[in-house]
Peer 1: 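Let me begin by handing over the structure; questions about it come next.
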Amino acid sequence: MPATSDPLQTLAERFAAAIARAFPQAADADPLITPCKTPEHGDYQSNAAMGLAKRVGKKPREVAEAILLNIDVGDLAEPLSPANIAGPGFINIRLRPDALAGALREFDTPALGVTPASPAQFMIVDLMGVNLSKQMHVGHLRSPVIGDAIARVLERLGHTIKRQNHVGDWGLPIAMVISRLQRQAASGQINLDHITLDQLDTAYREAQAECQRDMAGLEAARKFGLGPKVLAELEEQVAGATEAFLAARATLIKLQAMDPEAHAIWKKIHDVTMKVCLDVCRTLNVNVTDADSAGESSYAPELAAMVDDLVARGIAQTSDGALVVHLDDPAFGHIKEPCLIRKTDGGYLYATTDVCAIRRRVQKFGAQRLIYAIDARQNLHLRQVFGASIKAGYSLHPRTGQPARMEHAAFGSVLGEDGKPFKTRSGESTKLADLIQETFSRAGQAVKTRNPDLSDAELHDIGAAVGIAALKYADLSTDRVKDYIFSFDRMLAFEGNTGPYLLYALVRIRSIFRKAAERGVGDAWKTTAHATHAPAEKQLALALLRYPGALKSTGESLEPHRLCTYLYELAGAFSVFFDQCPVLAATDEASRDQRLRLCDLAAKVLADGLNVLGIPATDRM
RNA sequence: GCGGGCGUAGCUCAAUUGGAUAGAGCACCUGACUACGGAUCAGGAGGUUGCAGGUUCGACUCCUGCCGCCCGUACCA
């Protein structure tokens, strides 16, 4: 009775034992079992002999032969002899049909071969990264899509995940908006009771402009040591801006003191922004709710004490009037640029908040792994924050003393088809909600041309499902660290490595079962023994059994495209099977039922995999 | 300047972390079916993996040096 349905695991154990017997001095060697790339070679292979050869001072083929003399795999593989040794020392393995059937039987449970991680870990995924008062645009697409997919993969592997939406909801930028809104409301230009995110977005940009437009010039003048006369002229010139700036600073102080009026406006901005944000999550089937919000404001009350702690313990030092944590040490990431945690004027920065967040996540929540689904351009910032947390000891688990694993799941930018940052023709950035609706609408149209019989209501739902699949899969299916080119046409293609293609593969399988029911095929197949006869059946079965491995590798690397590639290959294996192995028109009932079982498993794995990616399935399209 | 990332077929992307002949899709050719959803399958053509060295039985992968593009380089977030 194998502990796992994955023959690869069992083979790895057997090969490890054989290696230990043959070469006790190298008993720790990795047996290096992988699926064969081409079926001609076999089903699985061990690549251990080559690496072992040097270590034990023998020729690779001799090592391979020694392993085979000590191997015990008669129950699951066809007999291994020197004929199975190929090339420089690959050992090719073919599964016995009954072992493959047995593996399918083990695999065919709701877990689909996934053994829950032991021990399960508690992990936090940082995702979304929205800012109050700013409209969501394409730049906000990848973090929730990638972060949620990573969270789902890890959950599927048995870990406990807490999502954290680190909302940019605090500091001078927000105070500037509040200050401006107060003035606009007072003069009757806007109605705070019915304000929209578009209006807030405008106010945000205008507030930035009026406060910073000329401040930059003033800074430059000081920097270059211009005379007092020039400075005076400049200062007069920017008097208006300065006034707005001073008002914003006053507002910030009020906000920090929880002044009722300022806070009421803050709350309004918060609610309007978060509604749009959470609506987008819901529309995209991203599993993030209000409960996952932990904005910068929630850390504000903790910052002063934390910084005092850092000073008291000598972690932070003053530098040019500011307070920094030096990280120019291999233990802290060997980063030349220190992490700035307090400005000369006493204000805190986003690094301060991020360090504070790590402290809370590890010390209070007990997280063992912290994952940041954030733009690749933030890499230095995150490395600094990680380094500072390590130096401060905040990343050590409160009970076990173990360091939390901190990782930046970095992603590249979304580009337009011209290879430049994604913008509309007029140069504006598209609202994310509009972009999503356009995707759904195009998806619905694409489905309609292929299946004109669908009703409008069906098309609406299917358009959303296909649209989510297209949008998310395009984002998830390539190496996340690279920039990717946004193209409706490519993501909505129904052939190739796309979301719609995977949905289609699943729809075809489900269609078989619908047809089976129409033809009065009963449920007897459900108790038929698993088996594979035709090559296409075997390849499909082998592909199915790779599912747990694909999930594991994705969870380890935090690279959802690995799971995507796997699902695409599974869909491909099913298509070959579908082409070569008639199911309902099989020559006899036994092979029909046995093929139904394969179809059933393929549907389960596809649906499960899509769900893990955050893509809902559909029955028709 | 320093640091990080990227460079693979005409295009968009993979390559199980050092393994067998570098794989898919699109586009381009050629075949298969009066079809369990052809939105498919089989095959062909397409490559000096940016360049040059090095390590290795074996390199897209690791090391060194160049070239090109992107990003980041403390008192914004």
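In the text below, chain A, chain B and the rest are named by the order of the sequence lines, each starting its count at 1. These values consider heavy atoms only, across backbone and side chains, with no hydrogens, waters or symmetry-generated copies.
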Peer 1: B:rG19 phosphate, OP1 or OP2: any side-chain N/O from A:K37 under 4.0 angstrom?
Peer 2: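 Indeed not, no polar side-chain atom of A:K37 lies that close.
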
Peer 1: Counting any heavy atom closer than 4.0 Å, what does A:E569 reach on the DNA or RNA strands: base, sugar-phosphate only, or nothing?
Peer 2: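 No contact.
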
Peer 1: Quick one: A:D345 CG to B:rC75 C1', roughly how many Å, whole number?
Peer 2: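 My rounded result for the distance is 7 Å.
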
Peer 1: For the atom pair CG (A:L544) and CG (A:L601), what is the distance rounded to the nearest 0.5 Å?
Peer 2: 5.5 Å

Peer 1: Please state the P separation for the pair B:rC62 and B:rU17 - nearest whole angstrom.
Peer 2: 13 Å

Peer 1: Name the closest nucleotide to the A:M621 side chain, picking from B:rG19, B:rU17, B:rG37.
Peer 2: B:rG37

Peer 1: Using modelled atom types and a 3.5 Å cut-off, is there a donor and acceptor pairing between side-chain atoms of A:R142 and backbone atoms of A:G412?
Peer 2: yes

Peer 1: Using a heavy-atom cut-off of under 4.0 Å over every strand shown, decide if A:P60 touches base, sugar-phosphate, or nothing.
Peer 2: nothing

Peer 1: Taking B:rG47 as the reference, what is the distance to B:rA24 when you measure between their P atoms (whole Å, please)?
Peer 2: 16 Å

Peer 1: When the ring centroid of A:Y473 is compared with that of A:Y501, is the distance short of 6.0 Å?
Peer 2: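 Judged by ring-centre distance (under 6.0 Å), A:Y473 and A:Y501 do not meet the cut-off.
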
Peer 1: Is A:D201 salt-bridged to A:R205, cutoff N-O under 4.0 Å?
Peer 2: yes

Peer 1: In terms of side-chain heavy atoms of A:T344, which of B:rC75, B:rG37, B:rU56 is nearest?
Peer 2: B:rC75

Peer 1: Taking CG from A:D489 and C1' from B:rU12, how many angstroms apart are they, rounded to a whole number?
Peer 2: 13 Å

Peer 1: Stem list for RNA chain B, please, built from Watson-Crick and G-U wobble pairs under 3.5 Å and keeping only runs of at least 3.
Peer 2: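 Runs of three or more consecutive pairs: B:1-7 with B:67-73, B:10-13 with B:23-26, B:28-32 with B:40-44, B:50-54 with B:62-66.
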
Peer 1: Without decimals, in angstroms, what is the distance between A:D328 CG and B:rC2 C1'?
Peer 2: 12 Å

Peer 1: Take the protein atom CD of A:Q580 and the nucleotide atom P of B:rA42, then report the distance between them rounded to whole Å.
Peer 2: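 So the CD-P distance, A:Q580 to B:rA42, works out to 7 Å.
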
Peer 1: What distance, rounded to whole Å, do you find between the two C1' atoms, one in B:rU61 and one in B:rG3?
Peer 2: 22 Å

Peer 1: Assess the side chains of A:D169 and A:H270: does a donor N or O sit below 3.5 Å from an acceptor N or O?
Peer 2: no

Peer 1: Please report the distance separating the C1' of B:rC2 from the corresponding atom of B:rA74, rounded so that it comes out in whole Å.
Peer 2: 15 Å

Peer 1: Using a 4.0 Å heavy-atom cut-off across all strands, classify A:S557 as base, sugar-phosphate, or nothing.
Peer 2: base

Peer 1: Looking at B:rG19, B:rC36, B:rC57, which one has an atom nearest to any side-chain atom of A:N47?
Peer 2: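 For the A:N47 side chain, the nearest candidate turns out to be B:rG19.
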
Peer 1: Can you tell me if A:T273 uses its side chain to pair, donor with acceptor, with the backbone of A:S133 under 3.5 Å?
Peer 2: yes

Peer 1: How long is the line joining CD of A:Q9 and P of B:rU16, in whole Å?
Peer 2: 18 Å

Peer 1: B:rA14, OP1 or OP2 - any side-chain N/O from A:K482 closer than 4.0 Å?
Peer 2: yes

Peer 1: Between A:G87 and A:V481, who's closer to the 5' end of RNA chain B by nearest nucleotide?
Peer 2: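 Checking each residue's closest nucleotide, the 5'-ward one belongs to A:V481.
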
Peer 1: Can you check the A:I512 CD1 to B:rC36 C1' distance for me, whole Å?
Peer 2: 5 Å

Peer 1: Counting side-chain heavy atoms from CB outward, which of B:rG37, B:rC36, B:rU40 is closest to A:L584?
Peer 2: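 Between B:rG37, B:rC36, B:rU40, the one nearest the side chain of A:L584 would be B:rC36.
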
Peer 1: Taking OP1 and OP2 of B:rA77, is either one under 4.0 Å from a side-chain nitrogen or oxygen of A:H166?
Peer 2: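 For B:rA77, neither OP1 nor OP2 has a side-chain N or O of A:H166 closer than 4.0 Å.
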
Peer 1: Anti or syn, where syn is a glycosidic angle within 90° of 0; which label fits B:rU56?
Peer 2: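 B:rU56: anti glycosidic orientation.
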
Peer 1: Hey, would you say the A:Y299 and A:H166 ring centroids sit under 6.0 Å apart?
Peer 2: yes

Peer 1: What class does the angle between the rings of A:F513 and A:W525 fall in, given that below 30° is parallel, 30 to 60° is tilted and above 60° is perpendicular?
Peer 2: tilted

Peer 1: Is the shortest side-chain N/O distance from A:S511 to OP1 or OP2 of B:rG37 below 4.0 Å?
Peer 2: yes

Peer 1: What's the CD-C1' distance between A:E337 and B:rC71, to the nearest Å?
Peer 2: 13 Å

Peer 1: Between protein and nucleotides 21-30 of chain B, what N or O pairs are separated by less than 3.5 Å?
Peer 2:
unit_1	atom_1	unit_2	atom_2	d
B:rA24	O2'	A:Y568	OH	3.1

Peer 1: Report which part of the nucleic acid A:A351 touches: base, sugar-phosphate, or nothing (heavy-atom distance under 4.0 Å, all strands).
Peer 2: nothing

Peer 1: Counting only heavy atoms not in A:R510, do more than 12 fall under 6.0 Å of its CZ?
Peer 2: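 It does: A:R510 CZ has more than 12 such atoms within range.
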
Peer 1: If I pick the P atom on B:rG65 and the same atom on B:rG1, what distance separates them, to the nearest angstrom?
Peer 2: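 Approximately 15 Å lies between the P atom of B:rG1 and that of B:rG65.
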
Peer 1: Determine whether any donor atom in the side chain of A:N92 lies under 3.5 Å from an acceptor atom in the base of B:rA20, or the reverse, and answer yes or no.
Peer 2: yes

Peer 1: For the side chain of A:C36, starting at C-beta, report the closest nucleotide among B:rA20, B:rC6, B:rA74.
Peer 2: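 Out of B:rA20, B:rC6, B:rA74, the nucleotide with an atom closest to A:C36's side chain is B:rA20.
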
Peer 1: Are any of A:T478's side-chain N or O atoms less than 4.0 Å away from OP1 or OP2 of B:rC13?
Peer 2: no

Peer 1: Taking atom C1' in both B:rC67 and B:rU30, compute the distance separating them and give it to the nearest angstrom.
Peer 2: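 After rounding to an integer number of Å, I get 41 Å for this pair.
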
Peer 1: In this structure, is the centre-to-centre distance between the rings of A:F90 and A:H41 below 6.0 Å?
Peer 2: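 That pair fails the under 6.0 Å test.
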
Peer 1: Record whether the side chain of A:Q384 comes under 3.5 Å of the base of B:rA74 through a donor-acceptor pair of N or O atoms.
Peer 2: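 Check fails, no donor-acceptor contact within cut-off.
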
Peer 1: Identify, between A:S319 and A:A446, the residue whose nearest nucleotide on RNA chain B lies closer to the 5' end.
Peer 2: A:A446

Peer 1: May I ask you to verify if any side-chain N or O of A:K343 is less than 4.0 angstrom from the OP1 or OP2 atom of B:rC76?
Peer 2: yes

Peer 1: Determine whether more than 12 heavy atoms belonging to other residues, nucleotides or ligands lie under 6.0 Å from atom CZ of A:R620.
Peer 2: no

Peer 1: For the side chain of A:P173, counting heavy atoms from C-beta on, which of B:rA77, B:rU17, B:rU40 is nearest?
Peer 2: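 The nucleotide sitting nearest to the side chain is B:rA77.
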
Peer 1: What is the distance, to the nearest angstrom, from the CD1 atom on A:I509 to the C1' atom on B:rU40?
Peer 2: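 Spelled out: CD1 on A:I509 to C1' on B:rU40 is 14 Å.
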
Peer 1: Please determine, for the side chain of A:L340, which listed nucleotide (B:rC57, B:rA20, B:rA74) has the closest atom?
Peer 2: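 Among B:rC57, B:rA20, B:rA74, the one nearest the side chain of A:L340 is B:rA74.
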
Peer 1: Can we call the ring centroids of A:F486 and A:F488 under 6.0 Å apart?
Peer 2: yes

Peer 1: With rounding to whole Å, what would you report as the distance between B:rC60 and B:rG50 at their C1' atoms?
Peer 2: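 Nearest-Å result for B:rC60 against B:rG50 at atom C1': 12 Å.
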
Peer 1: Considering only side-chain heavy atoms of A:R562, which listed nucleotide, B:rG3, B:rU12, B:rU16, is closest?
Peer 2: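 Comparing B:rG3, B:rU12, B:rU16 against the side chain of A:R562, the answer is B:rU16.
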
Peer 1: Just how far is it from atom CG of A:L584 to atom CD1 of A:I512, taken to the nearest 0.5 Å?
Peer 2: 6.5 Å

Peer 1: State which of B:rC57, B:rC36, B:rG72 makes the closest approach to the side chain of A:L380.
Peer 2: B:rG72

Peer 1: Heavy atoms only, 4.0 Å cut-off, all strands: where does A:I485 land among base, sugar-phosphate and nothing?
Peer 2: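 A:I485: backbone/sugar contact only, no base atoms under 4.0 Å.
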
Peer 1: What is the distance from atom NZ of A:K538 to atom CG of A:D43, rounded to the nearest 0.5 Å?
Peer 2: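 Answer for the NZ-CG pair, A:K538 versus A:D43, is 3.5 Å.
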
Peer 1: Given B:rC13, B:rG37, B:rA15, which nucleotide is nearest the side-chain atoms of A:Y484?
Peer 2: B:rC13

Peer 1: Verify the contact: side-chain N or O of A:R508 to OP1 or OP2 of B:rG38, cut-off strictly under 4.0 Å; return yes or no.
Peer 2: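 It does, given that an N or O in the side chain of A:R508 lies less than 4.0 Å from OP1 or OP2 of B:rG38.
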
Peer 1: On a plain distance test, is the side chain of A:T353 in donor-acceptor contact with the base of B:rA77 below 3.5 Å?
Peer 2: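 Flag unset: no donor-acceptor pair detected.
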
Peer 1: Please state the P separation for the pair B:rA22 and B:rG46 - nearest whole angstrom.
Peer 2: 13 Å

